[in-house]
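Reviewing the structure listed below.
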Amino acid sequence: MSFSLYIAKRYLFTKSSNNAINIITGIAATGVVVGAMALFIVLSGFGGLKEFSLQFSNFFDSDIKVYPAEGKTITLDDALSSEILKIEDIAAISEVIEERVYAQYKGKSHLAIIKGVDINYGNVNPIDSILYYDSWLVPNKAEVVIGLGMASKLSTGTRDYGNLLKLSVPKPGKGQILDPSKAFTYSRAVIGGIYNVNEDLNSKYVFSDIGFARDLLSLDSTKVSALEIKLKDNAKEENVVAALNEAFNNKVIIKTRIQQNDALYKMLNAENLAVYFIFTLILIIALFNVVGSIIMMVLDKRSNIKTLFNMGATIKEIRSVFFYQGVLMTVFGGIVGVVLGVIVIAAQLQFNLLNIAPGLPYPVSLEFKNVVIVLVTITVLGIIAAKISSSRVSEKLIN
């Protein structure tokens, strides 16, 4: 161990004879601890909010989704389906029909999107996690599952066979239609269940059997609006995407789960980055106290500095004493702050100390990367602060 580091440790853990310097040093150390703890807690909080926001999209968005590059549908025959299932890392596929529909029930109406799904949909997306009341679709039946928000707007329950949900869509084709009554295709279905995800999605979709949706939209059995795909564990997305493009002759658009929600991911990442910079700025302000305390320590130890200089220590070595002192103060303070932050986050995860609403604890995420981010940030800032304060040591000061 160099003598500069040894003396720095003595200065750091030994009280000064000047009580004012002890107070200033204590304030500086407390500022570092609080700043590091706050930065860790905020990063963990935003990490939890990000997971909380994205978990809703995971209920509706498959690992990979294939869209038509042109038009509204993809032609998918049995041969192509078999070829896709042979692709390594694909666990299941589900054919989907999507189109806007006009829903009516007992004089009330709502504009939604019908999502016709096949029997494999439950193998691709977690149906059990979203079903709120009653049951899921029965294949080849005129049944639908609507969202909790839509059910509230239409004032409907389930299994009301005397009052069916009326769905209508414009008839495909060209030319002018003179009789408005012939401009739409109508179908009726019983509401068999209600799903619940979040406020936006609860009013957006009407799930139906894919055959029911095809009949309503006048599509043949080879047409689909999209293909939703479930990947095997540890699958390589890029390999699957490349194989799908080859199977479809590059005539489709393929998106991963992140790409399906790229706007949401970008917004959450931007918010996380903005909060990181804001709290880093606060941490920089707190580190000004470290600079001030080290400078006060330099002035207080002028006689010791002269002694070291007369004993042969160079100006660079004496500067290193106070540089190490500043670095040690910020690093130790950062470690203590992170440990306290981990305790707070762990307590929130275990005991739900803070709730957004009754029964809904504030989401947090305890991740090792946040520990690294905080310690690296505070170490870099501490080195800069220590460099600035140690530069006050000069021959002019000694003389």
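Please read all numbers here as calculations on a predicted model, not as lab measurements.
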Quiz item: Heavy-atom count around Glu88 CD within 6.0 Å, excluding the residue itself: above 12?
Solution: no
Self-check item: Val291-Ile23 co-clustered via ILVMFWY side chain contacts under 4.5 Å
Solution: no
Self-check item: Nearest-0.5 Å distance that lies between atom CG in Leu227 and atom CD1 in Ile254
Solution: 9.5 Å
Quiz item: Side chains of Ser94 and Asn120: is there a donor and an acceptor less than 3.5 Å apart?
Solution: no
Quiz item: So if you build clusters from Ile, Leu, Val, Met, Phe, Trp, Tyr with side-chain heavy-atom gaps below 4.5 Å, do Phe60 and Leu148 land together?
Solution: no
Practice problem: State, to 0.1 Å, how close Asp63 and Glu237 come at their nearest heavy-atom pair, and which atoms those are. | Solution: O-OE2, 4.3 Å
Validation: residues 36-52 side-chain donor-acceptor distances under 3.5 Å, sequence neighbours left out:
| from | atom 1 | to | atom 2 | distance (Å) |
| --- | --- | --- | --- | --- |
| Ser44 | OG | Phe40 | O | 2.9 |
| Ser44 | OG | Ser365 | O | 3.4 |
| Lys50 | NZ | Asn269 | OD1 | 2.7 |
| Glu51 | OE2 | Ser365 | OG | 3.3 |

Report, one line per pair, each donor and acceptor closer than 3.5 Å where one atom sits in a side chain of residues 312-328; sequence neighbours left out.
| from | atom 1 | to | atom 2 | distance (Å) |
| --- | --- | --- | --- | --- |
| Thr314 | OG1 | Glu317 | N | 3.2 |
| Thr314 | OG1 | Glu317 | OE1 | 3.4 |
| Glu317 | OE1 | Thr314 | N | 3.0 |
| Arg319 | NE | Val393 | O | 2.8 |
| Arg319 | NH2 | Val393 | O | 3.2 |
| Ser320 | OG | Lys316 | O | 2.9 |

Exercise. Take Ile384 and Leu287 through the test side-chain contact (heavy atoms from CB on, under 4.5 Å) and record every step on the way to the result.
Key: CA-CA 10 Å; Ile384 296 173; Leu287 285 173; over 6 Å; no
Enumerate donor-acceptor pairs with a distance under 3.5 Å from any side-chain N or O in residues 335-351 to protein atoms, sequence neighbours excluded.
| from | atom 1 | to | atom 2 | distance (Å) |
| --- | --- | --- | --- | --- |
| Gln348 | OE1 | Leu353 | N | 3.0 |
| Gln348 | OE1 | Leu354 | N | 2.9 |
| Gln348 | NE2 | Leu354 | O | 2.8 |
| Gln348 | NE2 | Tyr362 | O | 3.0 |

Exercise. Give a yes or no on whether Ile356 atom CD1 has more than 12 heavy-atom contacts from other residues, nucleotides or ligands under 6.0 Å away.
Key: yes
Self-check item: Connected hydrophobic set around Ile285, excluding itself, where side chains approach under 4.5 Å
Solution: none
Self-check item: Other residues, nucleotides, ligands: >12 heavy atoms within 6.0 Å of Asn310 CG
Solution: yes
Quiz item: Does Leu5 reach the side chain of Arg10, with side-chain heavy atoms less than 4.5 Å apart?
Solution: no
Quiz item: Hey, any chance Leu308 and Leu299 share a hydrophobic cluster, counting ILVMFWY side chains that come within less than 4.5 Å of each other, even indirectly?
Solution: yes
Quiz item: Can a cation-pi geometry be assigned to Lys166 and Tyr186, taking NZ or CZ under 6.0 Å from the six-membered ring centre and within 45° of the ring axis?
Solution: yes
Quiz item: Taking only residues two or more places apart in sequence or in another chain, which ones pass side-chain hydrogen bond (donor to acceptor under 3.5 Å, both in side chains) with Ser135?
Solution: Arg159
Exercise. Treat each ILVMFWY residue as a node, draw an edge where side-chain heavy atoms are under 4.5 Å apart, and state whether Met297 and Ile27 are in one component.
Key: no
Self-check item: Ile294 side, atom CD1; Thr330 side, atom OG1 - distance, nearest 0.5 Å
Solution: 9.0 Å
Exercise. Apply side-chain contact (heavy atoms from CB on, under 4.5 Å) to the pair Ser53 and Leu268, showing each step before the final yes or no.
Key: CA-CA 9 Å; Ser53 299; Leu268 293 173; 4.1 Å; yes
Self-check item: Which residues share a side-chain contact (heavy atoms from CB on, under 4.5 Å) with Ser293, sequence neighbours left out
Solution: Ile24, Thr25, Ala28, Met329
Quiz prompt | Side-chain donor or acceptor of Asp118 paired with backbone N/O of Tyr121 under 3.5 Å | solution = yes
Quiz item: Quick one: ring-ring contact (aromatic ring centres under 6.0 Å, His included) partners of Phe332, sequence neighbours excluded?
Solution: Phe13
Donor-acceptor pairs are to be reported for all side-chain atoms of residues 369-382 against protein atoms at under 3.5 Å, with residues two or more places apart or in another chain.
| from | atom 1 | to | atom 2 | distance (Å) |
| --- | --- | --- | --- | --- |
| Thr377 | OG1 | Tyr276 | OH | 2.6 |
| Thr377 | OG1 | Ile373 | O | 2.7 |
| Thr379 | OG1 | Leu375 | O | 2.6 |

Quiz item: So, the side chain of Thr156 versus the backbone of Ser152: is there a donor-acceptor pair under 3.5 Å, distance only?
Solution: no
Self-check item: More than 12 heavy atoms of other groups within 6.0 Å of Arg257 CZ
Solution: yes
Quiz prompt | Between Glu228 and Asn125: side-chain donor-acceptor atoms closer than 3.5 Å | solution = yes
Quiz item: Has Glu271 got more than 12 heavy atoms of other residues, nucleotides or ligands less than 6.0 Å from its CD?
Solution: yes
Self-check item: Distance (rounded to the nearest 0.5 Å) between Ile64 CD1 and Thr256 OG1
Solution: 7.0 Å
Quiz item: Should Ile90 and Lys230 be marked as a side-chain contact (heavy atoms from CB on, under 4.5 Å) after you check the CA-CA gap, both sets of side-chain angles, and the distance that decides it?
Solution: CA-CA 6 Å; Ile90 289 183; Lys230 172 73 174 179; over 6 Å; no
Taking distance alone, no hydrogens or angles, what donor-acceptor pairs closer than 3.5 Å link side-chain atoms of residues 196-210 to residues at least two apart or in another chain?
| from | atom 1 | to | atom 2 | distance (Å) |
| --- | --- | --- | --- | --- |
| Asn196 | OD1 | Asn202 | ND2 | 2.7 |
| Asn198 | OD1 | Asp200 | N | 3.2 |
| Asn198 | OD1 | Leu201 | N | 2.8 |
| Asn202 | OD1 | Val197 | N | 2.7 |
| Asn202 | ND2 | Asn198 | O | 3.0 |
| Asp209 | OD1 | Asn140 | N | 3.4 |
| Asp209 | OD2 | Gly211 | N | 3.0 |

Quiz item: For Asp300, which residues count as a side-chain hydrogen bond (donor to acceptor under 3.5 Å, both in side chains) partner, sequence neighbours excluded?
Solution: Ser16
Practice problem: Drop me the distance from Ile127's CD1 to Trp136's CH2, to the nearest 0.5 angstrom. | Solution: 5.0 Å
Practice problem: Just grab all the ring pair (Phe, Tyr, Trp, His ring centres under 6.0 Å) pairs involving residues 363-388, residues at least two apart or on different chains. | Solution: none
Quiz item: Which distance, rounded to the nearest 0.5 Å, do you find between the CG of Leu164 and the CZ of Arg188?
Solution: 7.0 Å
Quiz item: Does the Asp220 side chain pair with the main chain of Thr222, one donor and one acceptor, at a distance under 3.5 Å?
Solution: yes
Self-check item: cation_pi(Lys255, Tyr67) dist<6.0 Å, angle<=45
Solution: yes
Self-check item: In one Ile/Leu/Val/Met/Phe/Trp/Tyr side-chain cluster, 4.5 Å: Ile114, Val144
Solution: yes
Quiz item: When rounded to the nearest 0.5 angstrom, what distance separates CG in Leu217 from CZ in Phe212?
Solution: 9.5 Å
Give the table of side-chain donor-acceptor pairs shorter than 3.5 Å for residues 95-102, with sequence neighbours excluded, one pair per line with atom names and distance.
| from | atom 1 | to | atom 2 | distance (Å) |
| --- | --- | --- | --- | --- |
| Glu95 | OE1 | Arg214 | NH2 | 3.1 |
| Glu98 | OE2 | Lys65 | NZ | 3.1 |
| Glu99 | OE1 | Lys72 | NZ | 3.3 |
| Tyr102 | OH | Ser109 | OG | 3.0 |

Practice problem: Begin with the C-alpha distance, continue with both residues' side-chain angles, and end with the deciding distance and a verdict on side chain to side chain donor-acceptor pair (under 3.5 Å) for Ser155 and Lys106. | Solution: CA-CA 9 Å; Ser155 301; Lys106 289 185 178 181; over 6 Å; no
Self-check item: Expected output: side-chain Asn355 to main-chain Pro358 donor-acceptor under 3.5 Å
Solution: no
Exercise. Start with the C-alpha gap between Asp61 and Asn261, add the side-chain angles, then the distance that decides, and say whether side chain to side chain donor-acceptor pair (under 3.5 Å) holds.
Key: CA-CA 9 Å; Asp61 299 320; Asn261 298 279; 2.8 Å; yes
Practice problem: For Asn352 and Pro361, work out which heavy atoms get closest and say how close. | Solution: OD1-CB, 3.4 Å
